[in-house]
Every structure is written in C-alpha cells, then in structure tokens.
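All figures in this text were calculated on a predicted structure; none of them were measured in a lab. Just the heavy atoms: all of them, side chains too, but no hydrogens, waters or symmetry mates, feed the values below. All chains are named by letter (A, B, ...) in the order of the sequence lines, taking the proteins before the strands, and each is independently numbered beginning at 1.
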Amino acid sequence: MLVRIATPTARRRFVVWLNLALVLSLLGPSTVALGQQPELVLRMNDDLLSMDPAQIVTAQDHELAYVVYSGLVRQNVGSPEILPDLATRWEVSSNGLVYTFTLRRGVMWHKGFGEFTAEDVKFSFDRIMNPATRSRFRADFSMVKSVEAVDPHTVRITLANPYPAFLSAVLAYRPGWIVNRKALEQYGRQYMANVVGTGPYVFERYVPGEGVHVVANRDYYGGAPKIQRAMFRIVKEDAVAEIALQKGDLHVAYIEKAAVAARLATNPALVTRSIPLPRVFFVHFNMTRPPFDDVRVRRALSYAVDKRAIVQGVFLGQGVPTDTVLSPGMFGYKSDVRYDYDPVRAKELLSEAGFPMGKTFEFVVLAGWADWEQMAAALQAEWRKVGVNVKLTALEEAVYQQRRLKLEFDLLSANALRFEPDQILASWFHGTQIPVPNASSYKGADALIDSARIELDPKKRLEFYAAVQRKIQEDAPVIPLLNPKLMLAWRPEVKGVEVGFLSYQLEAMTVGK
Amino acid sequence: MAAFIARRCAAAAAALLGALVVIFLVVRLVPGDPVLVLLGDNYTPEMYQATRHALGVDKPLPVQLLKYLEAVLRGDFGNSFRNSKPVLPQLLEQFPFTFCLAAIGLTIAVVVGVPAGVASALHRNSWIDQSAMVVALLGICTPSFWLGVLLMLMFSLHLDWLPAVGGGDLREPLTVLRHALLPATTLGLASAALIARLARSTLLEVLGQDYVRTARSKGLRECTVIARHALRNALVPIITVVGIDLGRMLAGTTVIEILFSRPGIGHLLINALKTRDYPLIQGAIVFYVAVIILVNTLVDVFYSVVDPRIRHA
C-alpha cells in the first residue's frame with residue numbers, strides 16, 4: 001500500500017522518524033539470520049598463517065587445525081599418553097623400526113571428498129618428506145625410511161633407526177595431521193579458504209582479518225559434536241579480549257598477559273582456569289663469546305636471579321619457577337641440580353672467574369611476547385645487584401631471528417613449547433642445531449641426547465633424560481626461568497571446557513543457559 | 001580547467017612512481033629477514049637457501065626492483081610471502097573495511113569539527129568558545145588506543161549498544177556499518193578537534209575582513225553573511241587540512257583496526273611488517289600512497305572550484 005503524506009510538516013516528521021528508525025535498527029541486534037550465527041565464539045589471537053599441516057607453526061593455526069584435521073594418533077589431554085585416532089590400533093616391531101597401523105574404517109573426508117584410506121596417509125607423509133614441499137617438518141621425518149599403504153586400511157612405516165618418541169613427537173604433532181590430495185590439488189593457492197580434513201569440525205568460511213567459521217561434522221567418527229556452528233574470531237589484544245568476553249562477543253579465550261589474567265581471575269562473571277603448559281622461558285648465554293664461555297660466569301648469573309620473585313612480581317603468580325628445561329608432567333622431567341637465589345654465591349663465582357666488572361653486555365629480547373620485556377627488566381636489575389651490567393635490546397621477530405642466526409648477542413631470550421622431551425633436547429641443546437635453535441652453541445650433552453632418543457626401554461630412557469638434564473643444569477648453557485601458565489577464560493554458560501595443549505577441546509563443549 | 005586537471009594527473013603519476021621506488025628500497029633496507037620468520041625454529045641451511053630462492057630475495061637489489069616495476073606496470077603486485085596469494089586481491093578484499101572506517105571517521109570529523117569551530121568563532125571568548133576549545137585540546141592530546149578502549153567500555157560493555165570487536169559481514173552492509181561506528185568515532189574525534197581549532201581561527205580572521213563588513217552593511221542577514229561570504233572563504237585551509245587528514249587517518253586506521261580486531265588494510269600491513277612480507281608491505285603502502293595522491297589531486301581540483309584564482313596560478 002502506498003502511504004501518502006500530505007502536509008510538508010508531516011513529511012518532515014516522517015523523514016525524522018525514518019532516520020530515527022534507521023539509527024535504532026543499527027543499534028539493534030544484527031539482521032543476519034539466526035541459524036547462521038555461531039553458537040560459540042572462541043578467540044584466536046592473530047590471523048591465520050597457513051592451514052597446511054606441512055607448514056603450521058603458530059599457535060592460532062594449531063588451534064584451528066586441531067578441530068579440522070586428525071592424525072593417526074593423538075596426544076591425551078593433560079597427560080603424555082598416546083590415544084588412537086584415525087588408526088584404531090598399531091604394532092611396533094621388537095627392534096622399534098616397523099610401525100604397522102590399522103586404520104579406522106568408514107571415515108569420510110569433509111565436503112564430499114570421499115573415504116579416508118591408507119593412500120591418504122602415504123600421500124601426506126611422502127609430501128612432507130619431499131624437498132619440493134619445503135615443509136618445516138621435513139627434519140622430523142628424517143628417520144623415516146618408507147611409508148607403505150599395505151592395503152586400504154593398513155599403513156606400514158619403516159624407520160631407519162629406532163625412535164621411541166616417533167608417535168608423540170611426530171605423528172601426534174603437527175606433521176602428523178592427514179591431508180586430502182584431491183583438495184590440495186584442486187584448490188592450490190586457495191586451499192587456505194577451502195581446508196578439508198577428517199576432524200570434528202568442517203572448515204566453512206575464512207574471512208581474513210576477522211576469523212574462521214566452522215560447522216559440526218555430523219559424521220565425525222568420535223560422535224557428532226554438540227555445538228553446530230562456532231567461530232574462531234581474531235582478537236589481538238588481551239585487554240580487548242577481556243571486554244569482548246564480558247560483553248559476550250567472545251565465549252572462550254586464552255589470555256597471555258599476566259595483568260589481564262589477574263583481573264579476569266577475580267571477575268565473578270567469568271570462569272577461569274590457569275593451565276600449566278609444557279613451555280619453558282629461558283635465557284641463552286652466547287658461549288662463543290667470553291666471559292660466557294666460562295661455566296662459573298653462567299652459574300653465577302643463574303644464582304643471581306630470584307625466580308620466585310619474578311613469578312610473583314612480573315607474572316603475578318601465573319607461572320612456576322624452574323631450574324630445568326623440560327616441563328613438569330613431561331616424560332623424563334627431573335630437576336636434580338638447583339639454582340636457588342644466592343647473590344653471595346653469585347658474587348664469589350664471578351670474582352673467581354675474574355669477571356670483567358664494569359663492562360656492559362647485550363641482552364637481546366624478543367619484543368611483544370607475553371611479559372618478556374618486563375621480565376628482562378627484572379633480570380637486568382637482579383644482575384646489576386651482583387655487579388653485572390646488561391643493556392636490553394628488545395627486537396621484533398624478524399630482527400631477533402637475524403641476530404640469533406648470526407650469534408650477535410651476549411644473552412638472548414627464548415621459549416620452547418613441546419610435549420615430547422626429545423623435541424626440546426634434540427633441537428635446543430644438540431650440537432647439530434647450532435645456531436638455530438641452539439643459540440647457546442652448546443655441545444656438552446650430545447652423546448646423552450643421542451642415546452636417549454634411540455633407547456627403546458622406557459626405564460633406561462628415563463634414566464638418560466635425568467642424566468641429560470643434570471648435565472645441562474651443571475653446564476648451564478641457559479638459565480631456565482619458569483613454566484608460564486596460560487589462562488583459559490570462558491563465560492559461565494559454556495560447559496564442558498577442557499584444557500588441551502594449545503587447543504580448544506571444542507567438540508566437548510556445550511552452551512547452556 | 002581540463003589542462004589544469006591534466007597537469008595535476010601527470011604530477012600524481014610521477015609522484016606514485018617515485019613512491020614505488022622509495023618504498024621498495026626502504027622496505028628492504030630495514031633490518032630483518034623474511035626467510036627466517038617463515039622458517040621458525042627448525043630448518044637446515046639448504047632449506048634456507050631454497051626458500052630464499054623461491055621468494056626471489058636472493059637476486060641483486062636492482063634486478064629485483066626492475067622485475068617489480070615491470071610487474072606493477074602489468075598490474076601484478078606479486079604474491080604474499082606468507083600465504084603465496086596475490087597481493088592485489090588481498091588488498092581489495094580488505095579495502096571496504098578500511099574505507100568504511102576512514103569515510104565515517106572523516107564524516108564525523110567534519111560534521112563535529114566545522115560546526116564546533118564556527119560556533120566558537122561566532123561566540124568568541126564566551127563559555128561556548130572556551131569549553132569547545134578545551135574539549136578540542138583534550139581531543140588532540142588523547143591517544144586513540146586509549147579513547148578506543150574507553151568508548152568500548154562505555155558503548156559496548158556498559159550500554160551494550162554496539163559490538164566491541166570485528167568488522168561485520170560484507171554481505172550484510174548494516175552489520176558493517178554497526179561495527180564501524182565505534183572505531184570510526186575514535187578515529188574521527190581527534191581530527192574533529194583539529195578541524196574545530198582551525199575552523200575557529202580561519203573564520204575569526206575572515207570575519208575581520210572588509211568584505212564581511214561590506215556584506216553586513218548591505219543589510220544581508222547574518223546567516224547569509226556567515227555562510228556565503230565568511231565561511232566560503234574560510235573553507236580553503238579547512239579543505240587542505242581535511243585532505244592531509246585523510247592520509248593521517250588512513251595511517252590511524254592501523255592502530256584502530258588492531259584495537260577493535262577489525263579486518264582491513266592496516267591489519268594486513270601490520271602482519272606483513274612483522275613477517276617482512278615485502279610484496280604485501282609494498283602493496284599496502286603503495287595503496288595508501290595512491291589514495292593520498294588521489295585525494296590531494298581532488299583537493300587541488302576542488303580548490304579551483306571554491307577559489308577560481310588558483311586555477312590560473
């Protein structure tokens with residue numbers, strides 16, 4: 001029906017009301033159909049870098065890949081146990097070289113890409129080993145001699161030398177996620193917007209800069225997830241995530257900054273849990289430069305740090321002080337040698353070593369990472385108390401990496417996050433990995449690390465790891481500082497929140513009232 | 001008029017080419033290695049070399065520059081190092097969000113700034129003038145990230161009127177507008193303050209001119225005197241500042257986009273800078289430069305409409 005508006009005054013009034021209605025409709029709820037709205041919004045702290053398991057390195061890529069892909073096996077949540085996933089069972093030959101996996105039947109790829117078979121496994125792993133792929137995980141597969149698809153439901157992987165950490169360090173980790181050949185070839189450079197996996201959620205839509213929408217995989221072999229639609233939303237700043245959580249723009253979020261975590265912990269409107277992660281913050285000594293080639297100097301600087309005070313003062317209790325490079329709960333974790341705060345001892349060691357007092361050393365710190373800059377300032381103050389002067393140089397990653405590669409530093413900030421001890425020890429503390437990531441240029445534990453990684457007897461492996469850690473602690477190529485805790489915060493209507501390794505256990509969550 | 005516009009366009013093209021070369025060199029002279037960021041913690045020297053070669057950063061700088069210029073002339077801005085996708089579509093995909101933010105921001109700046117300045121000038125030294133100028137001073141001094149958090153707390157958390165994060169869905173223009181209001185206000189208020197102060201001082205200057213007195217003595221209504229005679233002449237410096245401000249505003253969107261977790265070119269640029277994604281950095285900055293040159297050219301043309309003397313200078 002046409003409305004006729006007669007008088008000019010009425011017309012003007014109509015226009016005013018029309019404008020008002022427009023403004024109100026802007027303020028009102030969104031006009032997007034309700035069925036399209038995500039039931040749950042999870043925080044992602046930066047944009048995606050890659051959704052190709054051969055290239056995944058960032059935490060946010062990992063979080064998302066975790067719900068979209070699956071591997072042959074997976075890590076249990078909160079313990080070092082390995083659970084079946086795409087493989088229902090597996091056998092390892094007595095010499096530790098041949099792994100035979102029996103695959104789950106009837107697993108379908110997302111978006112109609114057919115049934116999952118042994119060929120997919122062979123394709124995924126061969127692809128990582130192929131130099132042309134330029135995978136970041138090629139080195140992790142260096143001990144793999146061959147991958148064979150024995151029949152559609154059996155895969156045999158043969159290793160060149162025994163590697164008992166193979167399941168946990170390789171197959172249950174990022175390179176272990178299985179990809180679909182057809183999807184990769186069909187989408188090419190557009191693959192990141194069209195990811196195909198076998199996990200509990202289907203990758204629906206990627207909006208660069210905004211986030212990723214996922215929908216439940218009703219055919220998921222682990223049971224259909226309860227939440228039908230979810231969104232991973234990019235929120236870069238912790239303080240903004242705090243507001244978004246309270247407002248309901250976010251339902252679940254990881255928080256890194258201690259100050260925000262401390263505020264959230266006392267917020268009655270939200271539920272929080274601080275999770276110990278297998279992550280360690282430490283400082284590298286440049287052992288190629290005097291005076292840090294002298295173990296007495298390295299020990300002195302270790303004694304001079306009050307780790308407890310740093311955990312309380314800088315991390316507001318969101319962490320646990322540590323003296324070793326493996327993390328509590330990790331297989332083989334043992335801390336025999338301690339560096340309790342002892343400035344007197346530190347001074348003695350320094351004068352014994354003839355430390356050049358009055359000289360200034362450069363401490364290179366990766367900027368913008370958790371609370372590292374504040375911690376570096378605290379360390380600087382601690383060392384000054386025993387007469388050691390350091391100058392702080394906070395650098396963004398691209399420059400930090402350059403300095404590390406060229407060994408242009410005296411002291412260097414570092415962090416390692418892995419769940420398998422071999423991933424930490426063979427990378428950061430083995431002579432073959434100098435200078436990256438073994439920036440200390442440390443070679444003292446090579447023989448022990450090599451023995452541990454091929455030892456099939458778990459008991460003997462434990463002993464080796466204890467010995468490796470003791471050796472590293474005595475030689476002090478690094479100062480292990482603390483295991484930071486990560487806070488997971490969520491709105492009370494979200495139930496079933498479990499805490500994983502860099503992953504939201506989305507398939508277990510529900511939203512109630 | 002046509003010759004004037006042609007001259008302006010030729011100058012704009014030359015400026016763009018110069019900017020292209022400067023940006024290309026500056027981006028590469030800054031310390032930091034894109035290959036190392038891509039490779040992370042585990043890589044071999046062979047992988048390092050292979051990646052360098054694949055990205056094309058192993059060739060001498062002049063060769064890289066010529067290849068780049070040649071490609072740009074064909075409309076190809078290269079592929080991003082991060083995700084190997086072509087740069088231009090990525091920029092165009094994000095542009096609506098940044099444009100929306102800057103356009104609404106600029107509108108807020110003008111709509112708030114000019115009337116506030118005019119009111120101040122007309123009621124010189126009254127409480128209106130003084131309070132407006134104190135607010136403007138505060139507006140100039142307030143860092144946008146702080147103002148943004150305040151607005152977020154107020155309008156998003158306490159009043160629950162507007163979303164705190166995100167950019168909305170492009171398929172639903174209303175959601176995009178809704179998501180842009182808070183960030184655009186944050187962006188616009190600082191510029192509004194600047195424009196208000198400028199509008200006040202130029203208008204005061206013009207109001208003292210002889211022709212304004214003449215207009216008044218002709219018996220024209222005061223509002224006609226202000227609008228037709230005074231404001232029109234005061235407009236030239238204001239347009240200049242608005243033009244310059246758009247450049248500042250585009251740069252400002254970067255901070256705002258990160259704070260409000262919005263998609264946009266600024267967000268893209270920050271990630272590109274962090275990873276030394278040369279093609280994407282170059283693309284984004286060239287994009288900004290192109291917009292600024294375009295706006296400045298338009299401003300020049302606009303001057304000549306407002307003030308015909310400029311056309312013949």
Tell me, for [X] versus chain A, whether the close heavy atoms (under 4.5 Å) come from the side chain, the backbone, both or neither.
{"X": "B/Arg171", "result": "side chain"}
{"X": "B/Leu268", "result": "neither"}
{"X": "B/Leu273", "result": "backbone"}

Could you check which of [options] has the highest count of heavy-atom pairs closer than 4.5 Å to chain B?
{"options": "A/Leu250, A/Thr58, A/Ile234, A/Leu395", "value": "A/Ile234"}
{"options": "A/Gln433, A/Glu396, A/Arg403", "value": "A/Glu396"}
{"options": "A/Glu397, A/Glu237, A/Arg138, A/Arg233", "value": "A/Arg233"}
{"options": "A/Val207, A/Thr432, A/Asp52, A/Asp47", "value": "A/Asp47"}
{"options": "A/Leu49, A/Asp140, A/Leu48, A/Val57", "value": "A/Leu49"}
{"options": "A/Arg404, A/Gln55, A/Gln246, A/Arg205", "value": "A/Arg205"}

**OP:** May I ask you to test the B/Val165-A/Arg43 pair for a side-chain heavy-atom distance under 4.5 Å?
**Re:**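 No - every pair of side-chain heavy atoms lies 4.5 Å or more apart.
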Surrounding [atom1] of [X] (heavy atoms of other residues, nucleotides or ligands, distance under 6.0 Å), is the total greater than 12?
{"X": "B/Lys67", "atom1": "NZ", "answer": "no"}
{"X": "B/Arg74", "atom1": "CZ", "answer": "yes"}
{"X": "B/Phe99", "atom1": "CZ", "answer": "no"}

Original post:
Does B/Asp33 come within less than 4.0 Å of A/Lys406, counting only side-chain N to carboxylate O?
Top reply: no
Please name the pair of heavy atoms, one in [X] and one in [Y], separated by the smallest distance, quoted to 0.1 Å.
{"X": "B/Pro263", "Y": "A/Pro208", "value": "CB-O, 3.5 Å"}
{"X": "B/Lys85", "Y": "A/Arg189", "value": "CG-O, 3.7 Å"}
{"X": "A/Gln402", "Y": "B/Pro31", "value": "OE1-C, 3.8 Å"}
{"X": "B/Ser261", "Y": "A/Val235", "value": "OG-CA, 3.3 Å"}
{"X": "B/Gly167", "Y": "A/Glu210", "value": "N-OE1, 2.8 Å"}
{"X": "B/Arg276", "Y": "A/Val399", "value": "NH2-CG2, 3.5 Å"}

Original post:
About how many Å separate CG of B/Leu157 and CG of A/Leu245, when rounded to the nearest 0.5 Å?
Top reply: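 Rounded to the nearest 0.5 Å, the CG-CG separation comes to 10.5 Å.
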Original post:
Which distance, rounded to the nearest 0.5 Å, do you find between the CG of B/Leu38 and the CD of A/Gln401?
Top reply: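 So the gap between those two atoms works out to 10.0 Å.
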Original post:
Can B/His267 and A/Lys236 be said to form a side chain to side chain contact (heavy atoms under 4.5 Å, CB included), step by step?
Top reply: CA-CA 10 Å; B/His267 156 92; A/Lys236 288 197 178 181; 3.8 Å; yes
**OP:** May I ask you to name which of B/Gln94, B/Arg262, B/Lys274 has the most heavy-atom pairs under 4.5 Å with chain A?
**Re:**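 Of the options given, most contacts go to B/Gln94.
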